[in-house]
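In what follows, a structure is listed as structure tokens, so that the remarks can point back to it.
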Number of protein chains: 2
Amino acid sequence: MSSAQERRPGRPARLSRDAIVGVAERIVTAEGVAALTIRRVATELDSSPMAIYRHVRDKGELLALLLDRAAARVARPRLPASPRRRLLTLWRLLHDQLAEQPWVVEALARSDLMGSSIVWLLEAILAAFVACGLTPSQSLDAYRAVWRYTVGTLTLRHGAIRTPEGQRKPSFRREVLAAADPHSAPTVAGLAESWDRPWPDYESGLTALLDGLLAHA
Amino acid sequence: MSSAQERRPGRPARLSRDAIVGVAERIVTAEGVAALTIRRVATELDSSPMAIYRHVRDKGELLALLLDRAAARVARPRLPASPRRRLLTLWRLLHDQLAEQPWVVEALARSDLMGSSIVWLLEAILAAFVACGLTPSQSLDAYRAVWRYTVGTLTLRHGAIRTPEGQRKPSFRREVLAAADPHSAPTVAGLAESWDRPWPDYESGLTALLDGLLAHA
DNA sequence: ACCTGAACACCGTTCAAGT
DNA sequence: ACCTGAACACCGTTCAAGT
């Protein structure tokens, strides 16, 4: 029966890429991306830091693998018939899923979107753009425009989260309001009270962007 | 004559916040944000690392100060009469200026935009939105939507730059194309050749977004 | 083939002490 | 008031050696 097994020479592996990504995911979910270090992963697996490098090229690759896992978890939703509403649903899905894991932002800048696990989502978005009247080529550009908006939203939200609760950056608001004398900057001064209010949600900007992108269809 | 000087007790300062930000700026421009460390700044000023902390709270504040300097360098342009074209000019100005310093992206996520040095730009943008028919409140939301798009654009461009020249992430493209069988993902498969082409420029997405935002005016 | 130990060349930040 | 020295508690990564 052992002849059926693929026998490979040398010392058998105790670690695996999967196990490594698994603990990395746990660390990052529980304590944020700052807590993710190669040494920490190694300790958690009762191995030396260097053993990790046998399975993962460097920390950047580990981050990319993590991102891929997050993407793989996005479940296929039931989609509305109207292509425009389909776009709204799909993008909100992607946004919400990524927003749940704030650490992804760190990985986003490094990785050109994500792995093959969400081709279905990419396909659905591109097909919906086409169904709205764009050419495939225009659809790709439109996809990238909305992707920029999405990454920006996540980046800024993440920054806000990361800032410590108590002292959430009074510097900017105060400086701006101090410098905004009503003569040279009346609009800014007039909005003084409004800076504190919550940012518009993802969807409102998305709607505007889609309106603009689809107008030329 | 020394009585005219403001005499302060204690040892006179050798370092200054300005000098610190100055060398930080030089480091970051020449070698990127990764090269910026408190210790490095201290060495460059022939002081101990700890002396820096007398003038700057922590590394995050140093980054924010750097961002403010970059913002302060944005020169007031001659503006077109049409408010819509004014918006295009202003946003492109902001984008181009920030794109020149790729390290800003790191700072952006931490800092709620920037300091008082560009209130004039903020004012000009908000006023132009108002001139386009939005209420001040809507203008603030519109401003934030475009800011998201801008930050996303910078983040993604920065990531592309940071990726080493030779091996610019074949993983995603290849994986996607491999997984994109023409039956389940025809649109993705059809665009296979197009993934390599350059991203749309900042302005095209900006135009679409402004179209959408101003449509409800 | 896989893993370990020891080392290299760093970090940010705190604390107590000097001038 | 401002700066220094020494230390704490870490990093990612390389190299040569062990099993």
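Every value quoted in this text rests on a predicted model; they were computed, and no experiment measured them.
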Quiz item: CZ of Arg14(A) versus C1' of dA1(C): gap in Å, rounded?
Solution: 14 Å

Quiz item: Which nucleotide in the list dC2(D), dC11(C), dC3(C) gets nearest to the side chain of Ala13(A)?
Solution: dC3(C)

Self-check item: Nearest-Å distance for atom pair CG/P, residues Asp58(B) and dC11(C)
Solution: 17 Å

Quiz item: Hey, are Tyr202(B) and Thr150(B) close enough side-chain-wise for a donor-acceptor pair under 3.5 Å?
Solution: yes

Exercise. Please find out if less than 6.0 Å separates the ring center of Trp199(B) from that of Tyr143(A).
Key: no

Quiz prompt | Nearest-nucleotide pick for Leu15(B), side chain only, options being dC3(C), dC3(D), dT13(D) | solution = dC3(D)

Quiz item: What's the spacing between Phe129(A) CZ and Arg86(A) CZ if we round to 0.5 Å?
Solution: 11.5 Å

Quiz item: Arg39(A) has an atom CZ; how far is it from atom P of dG5(C), in whole Å?
Solution: 13 Å

Self-check item: Pairing partner (Watson-Crick or G-U wobble, both distances under 3.5 angstrom) of dT19(C)
Solution: dA1(D)

Self-check item: Proximal nucleotide (of dT13(D), dT4(C), dC3(D)) relative to the Arg54(B) side chain
Solution: dC3(D)

Quiz item: On a whole-Å scale, what distance lies between the P atoms belonging to dA9(D) and dA9(C)?
Solution: 24 Å

Quiz item: Which nucleotide, in any strand shown, forms a Watson-Crick or G-U wobble pair with dA6(D), with both distances under 3.5 Å?
Solution: dT14(C)

Quiz item: In whole angstroms, how far is the P atom of dC2(C) from the CZ atom of Arg17(A)?
Solution: 13 Å

Quiz item: Looking at CG of Leu63(B) and NZ of Lys59(B), how far apart are the two atoms once the value is rounded to the nearest 0.5 Å?
Solution: 7.0 Å

Quiz prompt | CD1-CG distance between Ile118(A) and Asp68(A), expressed to the nearest 0.5 angstrom | solution = 8.5 Å

Quiz item: Between dT14(C) atom P and Ile52(B) atom CD1, what is the distance in whole Å?
Solution: 15 Å

Practice problem: Round to a whole Å and report the spacing from CE of Met50(B) to C1' of dA1(D). | Solution: 14 Å

Exercise. Compare the minimum distances between each of dT13(D), dG12(C), dC3(D) and the side chain of Ile38(B), then state the nucleotide with the smallest one.
Key: dG12(C)

Quiz item: How long is the line joining NZ of Lys59(B) and P of dC11(D), in whole Å?
Solution: 16 Å

Quiz item: Does His55(A) make a side-chain N or O approach to OP1 or OP2 of dC2(C) shorter than 4.0 Å?
Solution: no

Practice problem: Take Thr37(A) and Ser48(B), find for each the nucleotide of DNA chain D with the closest heavy atom, and name the residue whose nucleotide sits nearer the 5' end. | Solution: Ser48(B)

Quiz item: Whole Å only: how far is the CG atom of Leu45(B) from the P atom of dC2(D)?
Solution: 16 Å

